[in-house]
Amino acid sequence: AGIVITGGGSRLSGIAELAKHEIKLPVQIGTSSLPGVEMLSDELRTQIEEPDFSAGAGLLLLGLEQTQKETGWLPSKRGLFGKILGHFMP
């Protein structure tokens, strides 16, 4: 058991130590890991894998995975969802 801190608040100096002290559980800072997802650049991958984007990246991938399982739908690169994903994938 433990706590994972994500988002911009995870960048606060000493937040992990404070949470560990107050909650008495192991604490770590969460980052995004997007294995198998090709990015347009290494700089973009570095930014997306920062804790600031971990919740958003996870929700985006979860939504895409669930949609594909339920409907078999893959986003078109021309649609809104495809344009959003286009920033992350070639």
Note to self: Taking Gln68's backbone N and O only, do any of them form a donor-acceptor pair with Thr71's side chain (distance below 3.5 Å, no angle check)?
What the structure shows: no
Check: Which pairs with one or both residues in residues 1-13 pass salt bridge (Lys or Arg N to Asp or Glu O under 4.0 Å), sequence neighbours excluded?
Finding: Arg11-Glu50, Arg11-Asp52
Note to self: Tell me which pairs pass salt bridge (Lys or Arg N to Asp or Glu O under 4.0 Å) where either residue lies in residues 62-71, with sequence neighbours left out.
What the structure shows: Glu65-Lys69
What pairs of donor and acceptor atoms, side-chain ones from residues 23-31 against any protein atom, are under 3.5 angstrom apart with sequence neighbours left out?
from	atom 1	to	atom 2	distance (Å)
Lys24	NZ	His21	O	2.7

Note to self: Can you give me the closest heavy-atom contact between Ala19 and Ile5, atom names plus distance?
What the structure shows: CB-CD1, 3.9 Å
